[in-house]
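When reading the values below, keep in mind they use all heavy atoms of this one structure, side chains included, and skip hydrogens, waters and symmetry mates. Every chain is numbered from 1 and lettered A, B, ... according to where its sequence line falls, protein lines coming before strand lines.
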Amino acid sequence: MTSADLDPKAAASEGTVPEAPRRHFIQEIIDEHNRSGRFGGRVHTRFPPEPNGYLHIGHAKSICLNFGLAEEYGGKCNLRFDDTNPVKEEQEYIDSIITDVRWMGFQWAGIYYASDYFEQIYQWSVQLIKAGKAYVDHLTADEIREHRGTLTKPGKDSPYRNRTVEENHDLFERMKAGEFKEGECVLRAKIDMASPNINLRDPVLYRILHATHHRTGDKWCIYPMYDWAHGQSDSIEGITHSICTLEFEDHKPLYNWFIESLGIYQPVQIEFARLNLNHTVLSKRKLIRLVQEKHVRGWDDPRMPTLSGLRRRGYTAEAIRNFVEMVGIAKSNSIAEMAMLEYCVRQDLNKRAARVMAVVKPLKVVLTNYPEGQTEMLNAVNNPEDPAAGSREVPFSKVLYIEQDDFMENPPSKFYRLSPGREVRLRYGYFIKCEEVVKDAAGNVVELRCTYDASTKGGEAPDGRKVKATIHWVSAAQALDAEVRLYNHLFTKPFPGDDEGSDFVNDISPASLEVVTGCKVEPSLANAQAGTGYQFERLGYFAVDPDTQGSTLVFNRTVTLRDDWAKQQKSK
RNA sequence: UGGGGAGUCGCCAAGCGGCAAGGCUCCGGACUUUGGAUCCGGCAUUCGUAGGUUCGAAUCCUACCUCCCCAGCCA
């Protein structure tokens, strides 16, 4: 027993007493509700995406928050599609969202659709009309805008604002029956055109859209606005904590007005700051442009910050969850650094990815003193971080490939890889020494002629001599060909489009994708399955792309390994 | 110049009147058959600014400054 066992303070200072996990403000609010019995101990959240695009890393924060809170408090979390705008929404998006939420590792209490509540919302509209709290307005969209006033000037009442209940009801029924064209009229709440909160200046409740809805078909030609559907959907589902982003903070008085006017169950709305990430874009409008204008291959292009893109690139759900945890939940607008996300994948993949040797840009090496035609199998560890991963055999022979970057004819002092006359270790193999450099007519190094030291098999020299570097390699005869896609930040600037008047697409990095063919990988990769992530020793983490067919292996670089040497070079 | 939010290290972020957590980045160093991993150490005498209250303030009060959101028949 040590003094730390006796003295709790000493123990704490040695880190032996784990600190309670930091709780964020939303957890504190829920704790308070549980103490006061506000919801009888219930915690029921929901993740409410609009199916008009693919989910991205920003959504992951909301997913982790909502589903995470439900798990933590033994509650429930619904997956609900806010599908109130048929012209922008599609089944493809619904499918992708379901796939992505599941991939993130969460289980919903149920899948719901705002469109399932259209009938109820319609009836509530009638209730509002009958209470004299809603009216049909025949002003045009432009006129409504003009009447709304400005941030500093109050709005003006619409001339249609004082229609009778009967007239409003009749008009609304005719809107529903399809007697009007799109834009001809709308249903508006009758609140206060002079409110300093613009959301309360008689917001539009229903608009006419002669569009086919992906779920309700042609049943409706009037569709509720988000504001008029969202809070009521939460109410219907018995949501306790309606968590949303900051911009909805001043919609809250409106939601409360609806709930109170209707006299229905009221959830509590809590706002938090959405996630922002540098060197990418996270707005749906911009992401959809990248796809439609073909700046990327699609929603799941590995350069995209979408969950499907990150997944294809080789990110794991756990890495993303850790990242979200690391970023935290707060109310101040912030922009996290991509470096933090990259740290999280490396941390996760370091534990789980099998190590393998692959040469992306091959340089031929001939071992002049190695027996012609001989092949031997060398034992290689699959994952030094995980003994259970075991080991494998890799073939070694007279002709090998090493990485072009691992050789320099005239190396600077800090370069300690291969160069003329210098000796390095081939990982799990032998020490080799560069004796001769072969060049083509243009002066490019095309081959190295080296000698190997048979006594150094496995990587240790019996005479105790050391080498400064260990490099990876692949035996030429058994090597598999591969295509490797190297990704870098999609945008050169940390804040794309930040320059005044500059379109963010102008900041797309020409180096965001480099496709390298003719790469050589070790034969153990022969049956690598799409989606599997590997560490290419000394290079980074790579995931097998679904484009892989037959014998053509295609890899996506998820992220490089941390590289002090590269960093040194860069800072020069 | 209305209303609603936010300002703590380069980036996130704790702190809730008792004397600035942690993580990422960065910089040193140890170790190393991945220049990986790991491990040590450094990195805010100061909390947007200025006053005030208090024995004591990032935390309370006052004023000011800066940033973000709102004028869709988008969500």
Considering every strand and a 4.0 Å limit on heavy-atom distances, what is the contact class for A:A141: base, sugar-phosphate, or nothing?
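Here A:A141 touches the bases of the nucleic acid.
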
A:D202 and its salt bridge (Lys or Arg N to Asp or Glu O under 4.0 Å) partner, picked from A:R148, A:K190, A:K156, A:R161
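When salt bridge (Lys or Arg N to Asp or Glu O under 4.0 Å) is applied between A:D202 and each of A:R148, A:K190, A:K156, A:R161, only A:R161 qualifies.
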
In this structure, how many angstroms lie between the [atom2] atom of [N] and the [atom1] atom of [X], rounded?
| X | N | atom1 | atom2 | answer |
| --- | --- | --- | --- | --- |
| A:Y416 | B:rU34 | OH | P | 11 Å |
| A:K351 | B:rA37 | NZ | P | 14 Å |
| A:F542 | B:rU34 | CZ | P | 18 Å |
| A:L55 | B:rA75 | CG | P | 18 Å |
| A:N350 | B:rC39 | CG | C1' | 14 Å |
| A:K468 | B:rC31 | NZ | P | 13 Å |
| A:F25 | B:rG7 | CZ | C1' | 15 Å |
| A:I329 | B:rA14 | CD1 | C1' | 14 Å |

Which nucleotide in the list [options] gets nearest to the side chain of [X]?
| X | options | answer |
| --- | --- | --- |
| A:R355 | B:rG36, B:rG7, B:rA75 | B:rG36 |
| A:R145 | B:rU34, B:rA71, B:rA6 | B:rA71 |
| A:K88 | B:rC73, B:rC74, B:rA75 | B:rC74 |
| A:L151 | B:rC70, B:rC26, B:rG7 | B:rC70 |
| A:M225 | B:rC27, B:rG72, B:rG4 | B:rG72 |
| A:Y343 | B:rU34, B:rG3, B:rU25 | B:rU25 |
| A:M340 | B:rC12, B:rU34, B:rA75 | B:rC12 |
| A:S332 | B:rA6, B:rG2, B:rG72 | B:rA6 |
| A:E337 | B:rC68, B:rC24, B:rG36 | B:rC24 |
| A:W565 | B:rA13, B:rC16, B:rG35 | B:rG35 |

Over all atoms of both residues, closest heavy-atom pair of A:A358 and A:H472
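Smallest interatomic distance, heavy atoms only, reads O-CD2, 3.1 Å.
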
Does A:Y113 have A:R215 sitting over its ring (NZ/CZ under 6.0 Å from centre, angle to axis within 45°)?
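Because its charged atom sits under 6.0 Å from the ring centre and within 45° of the axis, A:R215 does stack over A:Y113.
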
Should A:R355 and A:F536 count as side-chain neighbours, where that means a heavy-atom distance under 4.5 Å?
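Answer no - side chains too far apart.
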
Determine the interatomic distance between [atom1] on [N] and the same-named atom on [M]; round to the nearest Å.
| N | M | atom1 | answer |
| --- | --- | --- | --- |
| B:rA14 | B:rG7 | C1' | 16 Å |
| B:rG5 | B:rA21 | P | 31 Å |
| B:rU59 | B:rA20 | P | 14 Å |

Residue matched to [N] through Watson-Crick or wobble contacts both under 3.5 angstrom:
| N | value |
| --- | --- |
| B:rA6 | B:rU66 |
| B:rA57 | none |
| B:rA20 | none |
| B:rC47 | none |

State whether the distance check finds a donor on one side and an acceptor on the other, under 3.5 Å, for side chain A:D250 versus base B:rG3.
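Between B:rG3 and A:D250, which were checked side chain against base, a qualifying N/O pair under 3.5 Å is present.
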
Got a donor-acceptor pair under 3.5 Å from the side chain of A:E385 to the base of B:rU38?
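There is none.
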
Ignoring backbone atoms, test whether A:R201 places a side-chain nitrogen or oxygen under 4.0 Å from the OP1 or OP2 oxygen of B:rG3.
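Looking at the OP1 and OP2 atoms of B:rG3, neither is under 4.0 Å from any side-chain N or O of A:R201.
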
If only side-chain N and O atoms of A:R148 are considered, is one of them under 4.0 Å from the OP1 or OP2 phosphate oxygen of B:rC73?
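Checking B:rC73 against A:R148, a side-chain N or O does come within under 4.0 Å of OP1 or OP2.
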
B:rG72 glycosidic torsion: syn (within 90° of 0) vs anti:
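Syn for B:rG72; the angle stays within 90° of 0.
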
Without hydrogens or angle criteria, can the side chains of A:Y255 and A:D227 be said to hold a donor-acceptor pair below 3.5 Å?
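Yes, because at least one side-chain N or O of A:Y255 sits under 3.5 Å from a partner of the opposite role on A:D227.
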
Examine the side chains of A:S524 and A:E522 and answer whether a donor and an acceptor come within less than 3.5 Å of each other.
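Yes - a donor-acceptor pair under 3.5 Å links their side chains.
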
Please work out which of the three classes, parallel, tilted or perpendicular, describes the rings of A:Y93 and A:Y54, given edges at 30° and 60°.
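Ring orientation of A:Y54 relative to A:Y93: perpendicular.
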
